[in-house]
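Report on one structure; see the data block that follows.
These numbers come from a predicted model, not from an experiment. Protein chains get the first letters and strands the later ones, always in sequence-line order, with residue 1 at the start of each. Computed from heavy atoms alone, side chains included, the values below leave out hydrogens, waters and symmetry copies.
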Amino acid sequence: MKEEIKITLPDGTTIKHPKGVTGNEVASVIGAGLAKAALSIKVNGNLYDLSRPILEDAEIEILTDKSDESKTIIWHSTSHIMAQAVQELFPGTKVTLGPPIADGFYYDFDTEKPFTTDDLLKIETRMAEIISGDHEFTRETIQKDDAIKMFKEKGEEYKLEILSEIEDETVSIYTQNDWTDLCRGPHIPTTSKIKSFKLLKIAGSYWRGDEKRQQLQRIYGTSYSNEKELEQHLNRLKEAKLRDHRKIGKELELFAFHDIAPGSPFWLPNGMILIRELEKYLREKLDEAGYVEASTPMLVKKSLWEKSGHWDYYRDNMFVVDDGEEVYALKPMNCPESTYIYAAKTRSYRDLPIRIAEIGRLHRNEVSGALGGLFRVRQFTMDDAHLFLLPSQITEEVNGCMKLISDFYSIFGFEPKYYFATKPDKALGDPELWDKAEVALKAALDTQNIDYKLNEKDGAFYGPKIDIQVKDALGRSWQLATIQLDFVLPERFELNYIDENDKKQRPVMIHRAIFGSFERFIGVLIEHFTGNFPTWLAPVQVVVIPISEKHIKYATKVYESLIKTGVRVNLDSRSEKMGAKIRDSETMKIPYMLVVGEKEAENSSVSVRKHLTGDQGQKPLEEFIKEIKEEITERRLNNLN
RNA sequence: GCCCACGUAGCUCAGUCGGCAGAGCGCGUCCUUGGUAAGGACGAGGUCACCGGUUCAAAUCCGGUCGUGGGCUCCA
């Protein structure tokens, strides 16, 4: 009699099966429907192919297309099919890696001729044939030596390099439709489980992401087990395009780029309003949180950068200015100079902590290919701050930073997520201080009951840090804020304070940013709000629309009383029809349109139309002013997104 | 920086096989005076990114430069 194993289902029931039973068989016993929908199986936490024998007692979970894990399996299987199609259509192409990624998959190829858009269509056609052939994905475990022999014969040098790094004696290979790839798996049972797919783009990449190594051709694609999900995915891409801050920035006249200053935005008057409002809000928050503000020079002698270490490690990213007598560099960071503010006078332990904010304009010479809209620029304005404190104050100060950050974000509707990064292998500074600091950071996170993810050994070489990410309205994550401890800079710049025993001691330094840079943050805000800013941020808050020339006089009165109360208001007195004026204001995403004519002039009222919402009816001008003032002062969200 | 694609009016874009530079929006002037998303007429506006080459002839073909976009971490 054959040996039996115990299979435990997610609901706790157990079923006995003969040893070597496959996921397919287990699923069939549970139900025919499940067997049909099954894509993979989780066995004791590991993903298995449905055809792979289970050899021991196991807790299992049959995965259908409802699970995220099975999506990655579908994507990965599709990348194999794509690789097969590519090698058939373009003989001599060598395969490298083809993993699933966030929303699909890619495969990197070494090919003599780069792929064209037409090639993508050909590849898609061939893939469709393979998929409809309903070929099985079969797994085989073979000796590594045999695998080496096999891929050597095929001339797949990249697979050989991968094999040389594998320590196990056996490796797995997967075959579909007579095409075989080295792969850890698992895969979907048959090619026909893929119901929809699309190849999205061609891109260059490097073998192992290393620019010194072979340049490869990457094809990105995505696939799903039904038509609908692909459609949804393509819609998301479309939606993201509509929200693109470069497009909206141009339409709303927020900023412009010009060849004359690559990577540096020209802020137009409308965009400047965003900067001014953010600055105002930021400074209010900083004042409340006990910060002082400083400003340090933009152009500094290179000896400063030598001392800070930037000259050795960051010079490629710095703009260097030689006036013929002296070599200067534009500051790429504020921190080294902030130490001069601290050291401008003798500090006592009683003075600490000192929190120095700097809204500083920085220049970084990013390589041309890295630039992108407002997200990656060469000149930007950082909302920076440096805190100088006693080691015993770390927890409290980090707490303060986190509170400031979550407070700041809440009015934009952002939920912060925290990542705690600890000491990396290559770290500078006193190990004892490192330990203390990590304990203190953890204490800060714990006292606030903050849910965080630990990124071990991911800290900066000069200290541990907490990174904060937010998700925007489209669910995309952005890293904006960071809180970093620094033990190295106080050392390099020989900072000190006088302790209670009249002895010199080193302070600990914290670098922190709330939203990183104005440029990037505004880019994120534009996409988050689709340009439909809350009223307090909107470049133009109200437009007054007289119905005809006869009403310009009253419209001017309305306009002036709004100006007087500090509302940003335009008067649209063009000889256009009201409909056209409304259309133009809607296009410019202006929060409020005040239509005024005969009726309104008679009783000092305005007819309010709200952006994207429509006619709100008539109300007294005074009432409207009171309401909009309140909305602006409280910095209310408009919930239009 | 590297690979691919792209660069035509302020904006969005068309321009076939190499043969006189186009549209809509916007802008200007005039007409129109209106009740919640485009009223009408006329007009101005171009070194086809830049430099060079091929050709009788280049926006168009070739080479280079600059700029823009996508990608270059997601580990068989």
Reckon A:Y220 has a side-chain N or O less than 4.0 Å from the OP1 or OP2 of B:C72?
yes
Does any non-hydrogen side-chain atom of A:R364 lie less than 4.5 Å from one of A:Q379?
no
Tell me, please, whether A:Y106 has A:R218 positioned over its six-membered ring: NZ or CZ under 6.0 Å from the ring centre and within 45 degrees of its axis?
yes
Applying salt bridge (charged side-chain N to carboxylate O under 4.0 Å, His left out), can you list everything that pairs with A:K581, at least two apart in sequence or on another chain?
none
Extract from the structure each pairing of a protein N or O with an N or O of nucleotides 65-68 of chain B at less than 3.5 Å, listing the distance.
| unit_1 | atom_1 | unit_2 | atom_2 | d |
| --- | --- | --- | --- | --- |
| B:G67 | O2' | A:D259 | OD1 | 2.7 |

From NZ of A:K201 over to P of B:C4, roughly how many Å is that when rounded to an integer?
18 Å
Remember a base hit wins even if backbone is also touched, and classify A:L182 as base, sugar-phosphate or nothing at under 4.0 Å, heavy atoms.
base
By the 4.0 Å heavy-atom rule, please label A:S205 as base, sugar-phosphate, or nothing.
sugar-phosphate
Cation-pi between A:K453 and A:Y419: NZ/CZ under 6.0 Å from ring centre and within 45° of the ring axis?
no
Assign the ring pair A:H76 / A:H187 to parallel, tilted or perpendicular, where the plane angle (0 to 90°) is split at 30° and 60°.
tilted
Within the structure, does a side-chain N or O atom of A:K581 lie under 4.0 Å from either OP1 or OP2 of B:G35?
no
Could you check A:H245 against A:F375 for ring pair (Phe, Tyr, Trp, His ring centres under 6.0 Å), going step by step and ending with a plain yes or no?
CA-CA 9 Å; A:H245 72 277; A:F375 287 158; 4.2 Å; yes
May I ask you to say whether A:E600 pairs ionically with A:K619, meaning some side-chain N is under 4.0 Å from a carboxylate O?
no
Close aromatic pair by centroid cut-off 6.0 Å: A:F624 and A:Y592:
yes
Base, sugar-phosphate, or nothing: which does A:G369 touch, judged by heavy atoms less than 4.0 Å apart?
base
Can you check whether any acceptor in the base of B:G1 is under 3.5 Å from a donor in the side chain of A:Y206, or vice versa?
yes
Please classify the nucleic acid contact of A:A370 as base, sugar-phosphate, or nothing, using heavy-atom distances under 4.0 Å.
base
Letter per nucleotide, 5' to 3', of nucleotides 36-45 of chain B [B base touched, S only sugar-phosphate touched, - untouched; heavy atoms, 4.0 Å]:
BBBB------
For B:G26 versus B:G53, give the span between their P atoms, rounded off to a whole number of Å.
43 Å
Counting the atoms with a prime plus P, OP1 and OP2 as sugar-phosphate, which does A:E598 contact under 4.0 Å by heavy atoms, base, sugar-phosphate, or nothing?
base
State the dot-bracket string of RNA chain B. Criteria: Watson-Crick or G-U wobble, both atom distances under 3.5 angstrom; notation: ( ) intrastrand, [ ] crossing earlier pairs, | interstrand, . unpaired.
(((((((..((((.....[..)))).(((((.......))))).....(((((..]....))))))))))))....
Tell me which residues in residues 140-160 of chain A put a heavy atom below 4.0 Å from RNA chain B, sorted by number, or none.
A:K159
Can you confirm whether A:I219 sits close enough to A:F109 that some side-chain heavy atom of one is under 4.5 Å from a side-chain heavy atom of the other?
yes
Please tabulate the protein-to-nucleotide N/O contacts below 3.5 Å involving nucleotides 9-14 of chain B, giving atom names and distances.
| unit_1 | atom_1 | unit_2 | atom_2 | d |
| --- | --- | --- | --- | --- |
| B:U12 | OP1 | A:K250 | NZ | 2.9 |

